[in-house]
**Student:** 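Before anything else, here's the structure in question.
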Amino acid sequence: MTAPNPAATAFPTLADVLDAQRVIRGAADNTPLVPSPHLSSRAGREVLLKLENMQPVGAFKLRGAVNAVSRLPGDCPGVVCCSTGNHGRGVAFAARARGLRAVICMSDLVPEAKRAGIRALGAEVRIHGTSQDDAQDEATRLVAAGGLAEISPFDDPHVIAGQGTIGIEMLAARPDLATLLIPLSGGGLAAGIALAAKTINPAIRTIGITMDRGAAMHASIRAGRPVPVTEVASLADSLGGGIGPDNRLTLPMCRDLLDETILVTEEEIRDAMQVLFFEDRIVAEGGSVVGIAALLSGRLDLPAGPLATVITGRNCDMAKFAAIMAGEDLRMGDMILKGRHYGA
Ligand SMILES: *Cc1c(COP(=O)(O)O)cnc(C)c1O
């Protein structure tokens, strides 16, 4: 084993985000920031959508993965990570571009559509246990066995800096943005975006949003330490999992850089998926519409001025997506989510 790299434990800065922007150019796209006329009229302010669902692997996680993989030493034989699906897809994509072996550890809760997308990129998929913690255990075991470098889905300065490039792009396109609604799970996305946005404009309001079924970061910020959550099925499957018992970076960054964290219900996520599809014609996964769900909940106390949310990904199971749009009931673990016809 080599000695730990001190840079790997330091908090990233805006300079790291700008550096990541240079590194990921050509691999991850500067996605469009488009107005939503429907949401703008419902919210009484301009609402913009940052379309990370349009990234090459269908989610923003490509940014952090490409940045982190590019930092690996030239003799690194391969990478391993745990993932709820999209990080694994980004790592698989970035590893293939460098000719590296990639092993992606996931729990049984990860939908088949996400597993298939990763296999299609040539990575090895290991399904282990029924939670992100179980998947993490498998990744830790593989690292200990030797040879593979681990890339955390969120608690890694290069991953955070990579996701932060979204913040730079949004503020470059619209320096007048007053509020950012950011989907929140392990917090790499929220930490990176809030770091970039608050450094550029300290007055901007940053709100992290997650589902109420297993809101690890929300609970951990309140407790002041990493709180384990029981993982259950959710429409927002990509927001599942804890923040890691040894969290080093994203908990302090989210605590310091987010003005607020808000929870949304499965019904609100379902309704937001329908609004985005029927009004804005966008196919997006549950985890990516929680900002819209929070906006439509009426529970946000917002400053005047334009607001943007990140549509983080599109990698949903299409049969489930079609059922939700058709207003059908959906079984999710021990819960039945009642269907609702859009506009009814
Ligand atoms: C990973 C992910 C998130 C949350 O990102 P974190 O960095 O874990 O907070 C949100 N949306 C989608 C689609 C994701 O894949």
Side-chain angles (χ1 to χ4, degrees), residues 12 31 49-55 57-65 67-68 81-91 93 104 106 109-111 113-114 117-118 132 135-136 151-167 180-195 206-211 214-218 220-221 229 231 234-244 247 249-251 253-254 257-258 261 264 269 272-273 276 282-294 309-317 321:
T31 54
L49 308 173
K50 177 70 170 163
L51 299 184
E52 287 295 300
N53 54 305
M54 292 176 70
Q55 285 294 355
V57 300
F60 75 89
K61 292 239 174 48
L62 185 60
R63 295 172 184 263
N67 193 39
C81 67
C82 72
S83 172
T84 51
N86 286 330
H87 174 64
R89 201 156 168 161
V91 167
F93 184 96
I104 314 300
M106 296 183 289
L109 283 177
V110 175
K114 287 195 162 94
I118 292 168
Q132 272 292 98
Q136 175 64 59
I151 299 181
S152 162
F154 49 85
D155 206 25
D156 175 307
H158 302 308
V159 169
I160 296 169
Q163 325 303 30
T165 58
I166 297 170
L180 302 179
L181 304 182
I182 314 169
L184 176 65
S185 175
L189 177 70
I193 291 180
L195 166 68
T206 53
I207 305 176
I209 301 130
T210 195
M211 73 286 199
M217 184 62 82
H218 177 83
S220 300
I221 290 174
V229 291
E231 229 176 301
S234 166
L235 286 181
D237 54 82
S238 56
L239 302 187
I243 67 166
N247 187 289
L249 303 173
T250 58
L251 174 55
M253 289 182 76
C254 288
L257 294 167
L258 294 178
T261 57
V264 293
I269 295 170
M273 287 175 79
L276 192 63
I282 294 172
V283 173
E285 51 182 290
S288 69
V289 302
V290 291
I292 294 174
T309 187
V310 186
I311 306 301
T312 45
R314 64 157 187 256
N315 296 325
C316 42
D317 178 298
F321 184 87

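Given the structure is predicted, the values throughout are model-derived calculations rather than measurements. Ligands are counted one by one from 1 in listed order, and the atoms in each one are counted from 1 as well.
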**Student:** So which protein heavy atom does atom 5 (O) of ligand 1 come closest to, and at what separation?
**Tutor:**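 For atom 5 (O) of ligand 1, the nearest protein heavy atom comes out as Phe60 CZ, 3.5 Å.
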**Student:** Looking only at protein heavy atoms, which one is nearest to atom 11 (N) of ligand 1, and what is the separation?
**Tutor:**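 Protein heavy atom with the smallest distance to atom 11 (N) of ligand 1: Thr312 OG1, 2.7 Å.
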**Student:** Does any part of the side chain of Asp155, heavy atoms only, come nearer than 4.5 Å to the side chain of Ile243, both counted from C-beta?
**Tutor:** no
**Student:** Does only the side chain of Ala59 get under 4.0 Å from ligand 1, or the backbone, or both, or neither? Count heavy atoms.
**Tutor:**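 For Ala59, no heavy atom sits under 4.0 Å from ligand 1.
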**Student:** Where's the contact between Leu189 and ligand 1, heavy-atom distance under 4.0 Å: side chain, backbone, both or neither?
**Tutor:**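 Under 4.0 Å from ligand 1, Leu189 contributes backbone and side-chain atoms.
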**Student:** Distance alone, cut at 3.5 Å: any donor-acceptor contact between the side chains of Ser83 and Asn86?
**Tutor:**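 Looking only at side-chain atoms, Asn86 and Ser83 do not form any donor-acceptor pair under 3.5 Å.
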**Student:** Is it true that the side chains of Glu285 and Asn53 contain a donor and an acceptor less than 3.5 Å apart?
**Tutor:**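 The criterion, which ignores hydrogens and geometry beyond distance, is not satisfied for Asn53 and Glu285.
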**Student:** Considering heavy atoms of the protein only, find what lies nearest to atom 8 (O) of ligand 1 and give residue, atom and distance to 0.1 Å.
**Tutor:** Gly186 N, 3.0 Å
**Student:** Is the closest N or O pair between Thr84 and ligand 1 shorter than 3.5 Å?
**Tutor:**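 No: no nitrogen or oxygen of Thr84 is under 3.5 Å from one in ligand 1.
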**Student:** Which of the atoms of ligand 1 are close to Asn86, meaning less than 4.0 Å from one of its heavy atoms?
**Tutor:**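 Near Asn86, meaning under 4.0 Å from one of its heavy atoms, ligand 1 has 13 (C), 14 (C), 15 (O).
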**Student:** Just to confirm my output: which protein heavy-atom neighbour is closest to atom 6 (P) of ligand 1, and how far is it?
**Tutor:** Gly187 N, 3.5 Å
**Student:** Under a 4.0 Å N-O cut-off, is there an ion pair linking Lys114 with Asp317?
**Tutor:** no
**Student:** Does this structure show an ion pair linking Glu52 with Arg63, if we count only N-O contacts that are shorter than 4.0 Å?
**Tutor:**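 Salt bridge between Glu52 and Arg63, a charged N being under 4.0 Å from a carboxylate O: yes.
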**Student:** Out of curiosity, Met106 CE to Cys82 SG, how far, rounded to the nearest 0.5 Å?
**Tutor:** 10.5 Å
**Student:** Relative to ligand 1, is Lys61 under 4.0 angstrom through side chain, backbone, both or neither, heavy atoms considered?
**Tutor:** side chain
**Student:** Taking only heavy atoms of Gly188, which atoms of ligand 1 are found under 4.0 Å from at least one of them?
**Tutor:**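 Going through ligand 1 atom by atom, the ones under 4.0 Å from Gly188 are 6 (P), 7 (O), 9 (O).
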**Student:** Heavy-atom distances under 4.0 Å are what count here, so tell me which part of Glu285 touches ligand 1: side chain, backbone, both or neither.
**Tutor:**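 Contact part for Glu285 vs ligand 1: side chain (C-beta onward).
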**Student:** Quiz question: by atom type and distance under 3.5 Å, do the side chains of Lys50 and Thr309 form a donor-acceptor pair?
**Tutor:**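 No, no side-chain donor-acceptor contact under 3.5 Å.
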**Student:** What protein heavy atom sits nearest atom 10 (C) of ligand 1, and how far off is it?
**Tutor:** Leu239 CD2, 3.3 Å
**Student:** Nearest 0.5 Å please: distance from the SG atom of Cys81 over to the CD1 atom of Ile104.
**Tutor:** 3.5 Å
